[in-house]
Amino acid sequence: MTDHESNGDPRRRYSSAVVDGIGKSASRAMLRAVGFSDEDFAKPQVGIASTWSNVTPCNSHIDELALCASRGADAAGGKAVIFNTITISDGIANGTQGMKYSLVSREVIADSIETVAGCEGFDGLVAIGGCDKNMPGCLMGLARLNRPSVFVYGGTILPGEGRTDIISVFEAVGAHSRGDLDLLAVKQIEETAIPGPGSCGGMYTANTMASAIEALGMSLPGSSAQNAVSQAKRDDCEAAGAAVLQLLAQDIKPSDIMTREAFENAITVVIALGGSTNAVLHLIAMASTVGVDLSLADFTQIGRRVPVLADLRPSGHYMMSELVANGGIQPLMKTLLDAGLLHGDCLTVTGRTLAENLASVAPYPQDQQIIAPLDRPLKPESHLRILYGNLAPEGAVAKITGKEGTRFSGSARVFASEEEAQQRINDGTVVAGDVVVIRYEGPRGGPGMREMLTPTSAIMGRGLGSEVALITDGRFSGGSHGFVVGHVTPEAFDGGPLALVEDGDRITIDAEADTIDVDLSDVELARRRQAWRQPEPRFARGVLAKYARTVSSASTGAVTDLPF
C-alpha cells in the first residue's frame, strides 16, 4: 500500500485517521523517526501508559514492565507506543505541604492519559500503575477514552527486615516521641523497611485499589496479587499487551466492563479484604467518570451483607506478599462468588465473565491463616462505615475494624491544619479522651485533601490508638488505623459543621448506629454559623488553585470533570 490507505482492519478505529493516505505523510515521517516501519502503519496502535519514575519505589521498576507490555502487544499483531504520565509518593510527602498535590495527581494522571491517547489516535491501551493515585487515575483516563484497555498493577513490595514496611517507620517515629525507641533503633527500621521496588506491603491503598480493579474486571486475573519483582508480574504485563488486541477484535470497551454490577463486585472485594477508606473516594470517582451512579449509600448497603475476611495490615497481621504466596485474591473471589456475594455474569478484560475466569480456581491451602472462612469472619459486617449526623450531614467515612471499639465519646481538640495537630500530638498536648479535629484539609480547603498518616501514626506510636479519636475533612492513608473518621462533608472550607466545633465540645462517634455528632443544639450551631467567615483560599494561582476551583465534594468522589 504505497499510499498507506487503510487496510480495512476493523481494529484500527482511531489510528487510521492519523497515518492513512497521502495527506498523512508528515505524520508517518514523524513516526518513522521513533521506529515505525511500513508494516507498522497498517497495525492497530496500542498506547502503553507507563507511570515509571524514580520518585518512589512503587514505580521504579515500571519501565521494565512497560517494555514487557509492549512486547506482548507487538507479538499479538499490534504496534505498541510507550508514553509516560506522572506519579507522586504519598509515603514521601506525608506530613508536608507537598501532600496537597497527592489527590490532585489522580486528576493529572487521568487528564494526561486522555490527552496523549486522544491526540495520538491509539486504538487501545495498557496502563501500568504502582502507587495509590496511579490506579484510579489510570482507570479514569481509560474510562474517559472508552477504548479497549487493560490495567496492570505494578505489584507489591517484599517485606523489610523483621517483616517491616513503611508504616513500621511512621509508627517508629511515634514510639520515639514517646520515649520507647532511641534514634538508632528508628534508623535501623528506616534503613531496612523498604527493600526494593513495589507498592506498600499491606492492604493499604495501592493493594486495595489493585484488588478492586481486578474485581471490577479491568485487570487480568491475578494481576493484583503479584510481587513487583517477579516473573509472574512480567508475564502479566506481556499478557496484558496481547489482551488488548483481543479486546479490539471483540470491540470490548471499558464501558462494557465497568458496569454498576462490576462496581458492586469491587466494593465487595474491598470489604472482604479490609481495604482502605480511599477506595470509597476512588470508586465513586471512577464510577462517575464512566457514568455509573455510585454513592456512599452503596457502601453501607453492600457492607451489611459482606464480612471482613482478611487478616492483613494495617489492622491485621499479614502482608500482601504473604497473601500472594497463598494464592492471592482469586480464591477469595471464588468463595464470595459461590456464596452469592459477587455478580458472576460481569464481563472482564479476558473477554469472559468473572464466573468463567474463576471456574477453575483452587481454594486456599488448608493451613493458611490470612483469609478467614465465611462462617468465621473477622467481622460480620463491613469495616468501612459511612457516618451521618450533625457533624457530617452529607456523610463521613470511617474504618472501624472493631479492635479499636465501635463507639467513642470525647472532648474536641481542634486544629486548623495537619502540621498544628502533629506538633500537639508529639509534645503531649493531645491526651487520652481527646477527639482530635483536623479541619480545612478537605478537597477545596486544603486544597487536596491530605492524608493524615503522620498524625494517626504518631497517635499509635504514642500508645493512644484506643484512647484518642481523630476526625477530619481530609482523608487517611490505607496504612492508618485506630478510631479515625475522614471525608467529613460538607468540608469546613465550605461552611460544614466541622468549621463550627470549638475546643471542649463533646463529640460522639458510633460505628454501630453509623452516627457522628457534636453535643450542641441547633440554636448554638446556628449562632456559631452566623459568626463564621470563610477563610481566604490558600493558593491564588497554579494547579492547587485550579483544583480548588473545580473539585467536587468528597462525597461525590472529589472529581474535577463533573458534567455541566
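Starting from 1, each residue takes its place in the sequence as its number.
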Would you say the side-chain atoms of [X] pair up with the backbone N or O of [Y], donor to acceptor, closer than 3.5 Å?
X	Y	result
Thr489	Gly395	yes
Asn326	Leu323	no
Glu491	Gly445	yes
Thr277	Val397	no
Arg439	Val501	yes
Thr192	Gln188	yes
Glu214	Gly222	yes
Glu322	Met319	yes
Thr515	Ala511	no
Gln368	Ile370	yes

Electrostatic pair [X]-[Y], nearest N-O below 4.0 angstrom:
X	Y	result
Arg313	Asp165	yes
Asp510	Arg385	no
Arg413	Asp503	no

Could you tell me whether the side chain of [Y] reaches within less than 4.5 Å of the side chain of [X], counting heavy atoms only?
X	Y	value
Ile507	Val437	yes
Pro455	Glu418	yes
Ile302	Glu264	yes
Asp505	Asp519	no
Met449	Leu281	yes
Leu525	Asn390	yes

Would [X] and [Y] count as having a side-chain donor-acceptor pair, cut-off 3.5 Å?
X	Y	result
Glu171	His176	no
Asp132	Asn278	no
Gln97	Glu419	yes
His317	Asp311	yes
Asn357	Thr348	yes
Thr508	Ser409	yes
Thr456	Ser480	yes
Tyr153	Asn207	yes
Asp434	Ser411	no
Gln422	Thr454	no

Rounded distance (nearest 0.5 Å) linking atom [atom1] of [X] with atom [atom2] of [Y]:
X	Y	atom1	atom2	value
Glu451	Thr472	CD	OG1	11.5 Å
Thr406	Ile509	OG1	CD1	11.5 Å
Ile257	Leu216	CD1	CG	8.0 Å
Tyr388	Thr300	OH	OG1	6.0 Å
Ser276	His383	OG	NE2	8.0 Å
Ile194	Cys200	CD1	SG	6.0 Å

With a sphere of 6.0 Å drawn around CD of Gln534, does it hold more than 12 non-hydrogen atoms of other residues, nucleotides or ligands?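 Count over threshold, so yes.
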Check this for me: Asp522, atom CG, are more than 12 non-hydrogen atoms of other residues, nucleotides or ligands nearer than 6.0 Å?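 No, not enclosed.
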Which of Ile271, Val269, Leu358 passes side chain to side chain contact (heavy atoms under 4.5 Å, CB included) with Leu336? Answer is Val269
If you take all heavy atoms of [X] and [Y], which pair is closest and at what distance?
X	Y	value
Val306	Thr268	CG1-O, 3.6 Å
Gly557	Arg106	O-NH2, 2.8 Å
Cys346	Glu261	SG-CB, 3.6 Å
Lys100	Leu544	O-CD2, 3.5 Å

For the pair Glu502 and Arg528, evaluate salt bridge (Lys or Arg N to Asp or Glu O under 4.0 Å) and give the outcome as yes or no after the intermediate values. CA-CA 10 Å; Glu502 297 177 0; Arg528 293 185 187 185; 3.6 Å; yes
When the aromatic ring centroids of Phe493 and Tyr440 are compared, is their separation below 6.0 Å?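 No: the rings miss the under 6.0 Å criterion.
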Quick one, Ser102 with Arg475, criterion side chain to side chain donor-acceptor pair (under 3.5 Å). Give me CA distance, side-chain angles, the key distance, then yes/no. CA-CA 11 Å; Ser102 172; Arg475 58 194 178 90; 3.1 Å; yes
Between Asp494 and Arg444, is a salt bridge (Lys or Arg N to Asp or Glu O under 4.0 Å) present by the stated rule, with each step listed? CA-CA 8 Å; Asp494 288 335; Arg444 295 187 64 216; 2.3 Å; yes
Please test Asn227 against Thr156 for side chain to side chain donor-acceptor pair (under 3.5 Å), starting from the C-alpha separation and ending with a verdict. CA-CA 5 Å; Asn227 294 326; Thr156 188; 5.6 Å; no
